[in-house]
Amino acid sequence: MAESLRSPRRSLYKLVGSPPWKEAFRQRCLERMRNSRDRLLNRYRQAGSSGPGNAQNSFLVQEVMEEEWNALQSVENCPEDLAQLEELIDLAVLEEIQQELINQEQSIISEYEKSLQFDEKCLSIMLAEWEANPLICPVCTKYNLRITSGVVVCQCGLFIPSHSSELTEQKLRACLEGSINEHSSHCPHTPEFSVTGGSEEKSSLLMSCLACDTWAVIL
């Protein structure tokens, strides 16, 4: 990072040297890192959740600093005579900013990992409740489903007309658990359930996940 930021030397004279610039560069780098959260997590997932141990192997730190550096180099109206009076960039300051970005990157990843653990816990609790209790409505997750002559209803307002007169609670439970387990094999997030359809066609129970952009018709 230091080597790439030291050239061309002339432009550094124009951009660095004053404490206000150093703080501005720091704040802009941190803001860029925050705004790059999705890009960071995509790279983290692609890397198989193996966390880097230094700046060279960090996911976005180097890239964020270089992007912000290039943005600052494009600033216009930097007086040539003032450039001659400014100091060379302090590499210790760059390293300090770099370390702060590494810490922020790890903080974003840590929050993401905690959210995954929470989703996994919720999923385990939901499956355990389904196995131990009467079938809970997957849409409201509050009331129990009732199935009569293949018609699925819930106090929350869910109503799915008969798709099969042979549908039972056990069959629907197995279908739900199978779909959830299949989804969790490739995505750690908890899917959501909703009812689709209108007056002209039978309602269906849909499972969807915004995180992995997938959906499946359960019933």
Under a 4.5 Å side-chain heavy-atom rule over Ile, Leu, Val, Met, Phe, Trp and Tyr, are L206 and L172 clustered together? no
Calculate, to the nearest 0.5 Å, the distance between atoms OG1 and CD belonging to T141 and E192 respectively. 10.5 Å
Measure from the side-chain N and O atoms of T214 to the backbone N and O of C209, and report whether any donor-acceptor pair falls under 3.5 Å. no
In the single-linkage hydrophobic clustering (I, L, V, M, F, W, Y; side-chain heavy atoms under 4.5 Å), do L116 and F59 co-cluster? yes
Nearest 0.5 Å, what's the CD-CG distance between Q106 and L101? 12.0 Å
One thing to verify: whether R34 and E31 come together as a salt bridge, which I'm taking to mean a side-chain N less than 4.0 angstrom from a carboxylate O. yes
Between the CG atom in N35 and the CZ atom in R28, the distance rounded to the nearest 0.5 Å is 12.0 Å
Indicate yes or no: at least one non-hydrogen side-chain atom of F159 is less than 4.5 angstrom from one of V151. yes
Only counting residues at least two apart or in another chain, list the ones meeting side-chain contact (heavy atoms from CB on, under 4.5 Å) with A174. none
Any side-chain to backbone donor/acceptor pair from S107 onto N103? Under 3.5 Å, distance only. no
Determine, using the 4.5 Å side-chain heavy-atom cutoff (strictly less than), whether I108 and M65 are members of one ILVMFWY cluster. yes
Side chain to side chain, L210 and H189, heavy atoms closer than 4.5 Å: no
Heavy-atom pair with the smallest gap, counting every atom of S179 and I218: OG-CD1, 3.2 Å
Q155: which residues meet the side-chain hydrogen bond (donor to acceptor under 3.5 Å, both in side chains) condition with it, sequence neighbours left out? none
Heavy-atom closest pair, residues V64 and R32: O-CD, 3.7 Å
Can you tell me how far CG of L41 sits from CD of E111, rounded to the nearest 0.5 angstrom? 9.5 Å
Looking just at side-chain N and O atoms, do N42 and Q46 make a donor-acceptor pair shorter than 3.5 Å? no
With clusters defined by side-chain heavy atoms of hydrophobic residues (ILVMFWY) lying less than 4.5 Å apart, directly or transitively, does L135 cluster with F193? yes
Decide yes or no on side chain to side chain contact (heavy atoms under 4.5 Å, CB included) for V217 and T196, but give the supporting numbers first. CA-CA 9 Å; V217 176; T196 64; over 6 Å; no
Is any side-chain N of the basic residue among E105 and R43 closer than 4.0 Å to the acidic one's carboxylate O? no
Residues that, via side-chain heavy atoms closer than 4.5 angstrom, fall in one hydrophobic cluster with Y143: none
Between CD of Q98 and SG of C29, what distance do you get to the nearest 0.5 Å? 10.0 Å
Side chain T168, main chain K171, donor-acceptor under 3.5 Å: yes
Supply the atom-to-atom distance L40 CG to M33 CE, rounded to the nearest 0.5 angstrom. 6.5 Å
Could you report the tightest heavy-atom contact between L205 and P138, atom names first, then the distance? CD2-CG, 4.1 Å
Which heavy atom of I136 sits nearest a heavy atom of K142, and at what distance? CG2-N, 4.0 Å
Work out which heavy atom in E66 is nearest to a heavy atom in Q62; give both atom names and the distance. OE2-NE2, 2.8 Å
Correct closest heavy-atom pair for C122 and T190 would be CB-OG1, 4.5 Å
For Y112, does its backbone N or O pair with a side-chain atom of S115 as donor and acceptor, under 3.5 Å? yes
Can you establish whether the number of heavy atoms outside Q27 located under 6.0 Å from its atom CD is more than 12? yes
Would a single hydrophobic cluster contain both V195 and L176, if residues Ile, Leu, Val, Met, Phe, Trp and Tyr are joined by side-chain heavy-atom contacts under 4.5 Å? yes
